[in-house]
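Some notes on the structure that comes next.
Reminder, nothing fancy here: chain letters follow the sequence lines and each chain counts from 1.
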Amino acid sequence: MQPLLKVEGLKKSFGGVAALRDGRLELQAGSVHALCGGNGAGKSTFLSILMGIQQRDGGTIWRRGRQVHYSNPAEALASGIAIIEQELSPVPHMTVAENIYLGREPSGRFGGIDFKKMNRDAQQLLDRLEFGIRATQTMMTLSVAQMQLVEIAKAFSHEAEVIFMDEPTSAIGEKEAQHLFAAVARLKAEGKGVVYVSHRLSEIFQIADSYTVFRDGGYVGSGLLADIDRPGLIKMIVGRELGEEYIKTNDPTDEIGLEVSGLTLPGKIEDISFSVRKGEIFGIYGLMGSGRTEIFNCLFGLDRPSHGSIRLEGEQITVAKPADAMANGIAFVTEDRKVSGLNLADSVRGNICLASLPEMSPRFVMKGRDEAAASAEMIARFGIKAARDTMPVSGLSGGNQQKVVLGKWFLRQPRLLLLDEPTRGVDVGAKREIYRIICDFTAAGGTVVMISSEIDEVLGMSDRILVMRQGKSAGIHDRRATDAQSLVHLST
Amino acid sequence: MSNIENNSSRSWFSAENRGTLVQEYGIFLAFLLLAVILSFSNEYFLTPGNISNVLLQTSINGVLAIGMTFVILTRGIDLSVGSVVALAGMVSASFATTSATAGVAGAPYPFFVALAIGILVGVACGIIVGFIVSRFAVPAFVATLGMLSAARGMTLIYGGGKPVPALTPEFRWIGTGNILGIPMPVILLGIVFLASWWILTRTRFGRYIYAVGGNPHAAKTSGINVTRIRFLVYVISGGLSGLAGMMLSARTGSALPQAGIAYELDAIAAVVIGGTSLSGGVGRVTGTLIGALIIGVMNNGLDLMGIQSYYQQVLKGALIVGAVMLDQKRNQGL
């Protein structure tokens with residue numbers, strides 16, 4: 001049988017720099033194909049050429065055995081290729097049906113829109129896919145995961161045969177991810193081909209049949225997932241043996257670093273108590289909206305808890321605003337570096353110095369030399385790959401951006417590190433470097449609390465794990481006494 | 001460390017880098033080009049008298065545009081500057097007039113009293129706007145649109161709709177005097193420019209402004225008091241509008257209730273032509289100064305060529321849109 005999509009020797013350069021040297025892929029009908037590779041491996045360029053967003057410099061694309069060329073996204077869509085992007089862009093105030101049929105609404109009398117037909121068609125589609133979404137809901141009332149399902153429905157309504165999914169689970173929780181996987185399984189059963197891009201290897205092994213690995217802009221290998229194990233796939237992605245995926249070298253002391261008792265934020269979290277020892281990595285696991293991020297917001301002065309006390313190394317502290325938390329030696333690496341971690345308009349140096357400006361301007365005037373020295377120190381310490389530290393931080397890869405955020409906080413020499421999804425959207429190699437940084441910090445006596453929705457990461461890195469469910473604690477568990485299944489069970 | 005070296009050789013030729021070069025010098029080159037064309041097409045253009053004239057005409061808009069730069073850098077906008085110019089000009093003039101009917105009791109006061117009052121009026125307007133924008137999360141467009149109307153109304157109420165004539169020579173000196181041959185308004189613009197440049201590039205406060213404009217969430221989680229910074233930029237813009245109002249009254253010798261109408265548009269134009277992004281966090285006060293000079297030189301040059309002022313407005317409009325189109329193209333990574 002002809003493959004749905006076959007690509008060979010795809011090439012693309014930007015200003016003399018090859019982003020993609022040799023992109024290859026073969027997608028069969030009724031299969032899920034994982035496209036793997038670190039940040040900068042060329043996956044994004046590959047996808048954007050297939051979507052007609054960028055034009056190739058060389059190579060051939062066959063769609064059902066016929067050579068094709070797409071000069072814009074509409075042509076790609078017309079030939080049955082749809083993409084579910086990492087960052088969704090719905091029209092929030094419109095209904096689900098309006099979003100699905102955006103730009104091709106069925107016309108009614110007098111050139112208006114036949115809303116009745118549109119809503120009926122959309123509902124039929126959603127029901128057939130068993131998504132449990134009403135077509136007349138406005139988009140803004142949906143969760144991120146539901147929006148992705150709407151995107152899938154939209155791809156379906158375009159009668160797409162090839163569906164690209166770019167990091168679809170990066171913004172959703174474990175339970176919602178399972179819904180998404182069920183939808184992917186349904187696509188497969190309908191004979192569609194799905195190209196699934198993700199950094200999360202456990203997902204790939206769960207839902208994909210075959211894989212293709214890119215590294216440094218070139219094809220490395222492909223095959224059936226049944227024929228390869230996890231370490232083998234990692235080795236292909238990073239090009240060397242990584243050894244253990246999770247580095248855990250910390251050794252908790254007996255001293256209490258952080259003690260939280262009775263923390264309550266009405267409507268969000270209720271009576272949360274836990275204590276973390278110095279040198280310990282304390283994990284928090286829970287679904288989106290379970291109140292996990294609110295715990296950090298209260299500790300860092302972004303939310304005002306109605307009850308509860310915080311003790312840092314035995315000393316009671318009050319935190320009314322982030323500056324108070326920072327003065328007490330608390331650092332907060334937020335969930336989404338682009339939304340609340342980095343000033344993307346600024347340079348690498350500017351971002352590293354962002355949380356230390358008063359310290360670098362004792363008499364109001366900035367000490368340029370201190371800024372340059374601090375930035376150079378953090379770049380060297382964390383191996384941040386940047387051409388110059390005056391280049392815009394937006395030009396760095398995800399892993400390096402995350403290291404800039406870490407550098408910003410380590411510059412303040414914190415006692416307590418709050419990490420909210422520290423490795424989201426970061427490739428396997430950079431993940432390990434970040435784990436190394438966390439472990440070094442605890443080895444020096446630091447206290448770490450880490451939120452993660454990646455269950456392997458929570459189990460691999462934490463000493464103990466607090467499970468959050470609907471704003472309440474569902475118990476604190478030792479890593480050796482629990483497993484992935486029971487964590488998922490407790491959190492839902 | 002080897003990575004750093006590797007990358008630098010590669011990205012030196014990158015599009016991003018060329019974009020930076022355009023950003024750094026593009027506006028300055030455009031200005032020079034305009035000046036060269038004008039100096040060839042008209043022998044009067046480069047005479048000291050005309051240069052001084054251009055600078056004089058640019059000074060009020062320059063001061064307003066610099067204040068506007070602070071606001072726009074934090075993702076805001078200040079539509080009220082023209083009305084605040086009129087109000088501050090009117091109130092300060094009433095302290096510096098020799099007219100028995102138009103002045104306040106005891107007028108004329110020494111010019112520095114009138115000067116202080118004018119700046120205070122501007123600062124007060126800025127405090128009101130800044131408070132509304134920063135504390136009540138009212139969009140800056142709306143809050144300053146309100147002040148645009150309210151300050152104009154207050155000007156009319158305060159002066160009874162009539163001008164304040166006969167200002168004292170000392171007060172007029174800030175608009176018409178000179179030091180070593182340099183007109184006072186130009187000196188004031190120079191002082192305002194240098195102080196703003198220093199604040200924005202060298203101080204903690206300047207870094208805060210860029211951070212708040214670039215990403216308010218990240219600024220907040222980095223311990224920056226976003227509310228206070230947002231408040232202060234409107235106070236700065238208000239104070240500078242007050243100063244500009246007095247420069248205008250002093251130059252014309254009387255304060256008019258309809259002074260400063262549509263001045264906000266020229267100020268915004270100068271900021272935008274100068275390369276400051278309306279989405280905040282990117283821009284520099286040097287660009288704004290050159291933007292204001294471009295507008296001044298263009299008006300002057302077209303005057304010298306005997307082109308009707310109506311055409312000047314059309315050209316200015318095209319210039320503003322063209323500058324932003326270039327900016328957009330640059331932001332898309334070329």
**Request:** Could you please spell out the steps behind the side chain to side chain contact (heavy atoms under 4.5 Å, CB included) verdict for B:I224 and A:L354?
**Result:** CA-CA 9 Å; B:I224 295 170; A:L354 193 59; 4.2 Å; yes

**Prompt:** Are B:K220 and A:L302 close enough, and set up right, to give a side chain to side chain contact (heavy atoms under 4.5 Å, CB included), and what steps lead you there?
**Reply:** CA-CA 8 Å; B:K220 195 175 175 197; A:L302 290 163; 4.0 Å; yes

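When heavy atoms are compared at a cutoff of 4.5 Å, A:E359 does not approach chain B at all. Heavy atoms of A:K367 lying under 4.5 Å from chain B are absent altogether. Proximity to chain B is limited to the side chain of A:F300, based on heavy atoms less than 4.5 angstrom apart.
With chain B as the partner, the residue from A:D389, A:L342, A:D346 showing the most heavy-atom pairs under 4.5 Å is A:L342. Highest contact tally toward chain B, considering only A:T334, A:V405, A:V365, is held by A:V365 [criterion: heavy-atom pairs under 4.5 Å]. Contacts with chain B were tallied for A:S340, A:A331, A:A323; A:S340 has the most, counting heavy-atom pairs under 4.5 Å. Between chain A and the residues B:R204, B:R207, B:H217, the most heavy-atom pairs under 4.5 angstrom are made by B:R204.
A donor-acceptor contact shorter than 3.5 Å is absent between the side chain of A:N343 and the backbone of B:A218.
The 12-atom threshold is not exceeded at CZ of B:F141, counting heavy atoms of other residues, nucleotides or ligands nearer than 6.0 Å. The 12-atom threshold is not exceeded at CZ of B:F131, counting heavy atoms of other residues, nucleotides or ligands nearer than 6.0 Å.
Residue A:A345 comes nearest to B:G281 through the heavy atom pair CB-O, 4.2 Å, listed as atom of the first residue, atom of the second, then distance.
Distance check, rounded to the nearest 0.5 Å: NZ of A:K321 to CG of B:N225 gives 7.5 Å. One distance of note links OG of A:S361 with OH of B:Y208; it measures 6.5 Å at 0.5 Å rounding. Interatomic distance, A:F364 CZ to B:I199 CD1, rounded to the nearest 0.5 Å: 6.5 Å.
Residues B:S222 and A:F332 have side chains not in contact (no heavy-atom distance under 4.5 Å, counting atoms from C-beta outward).
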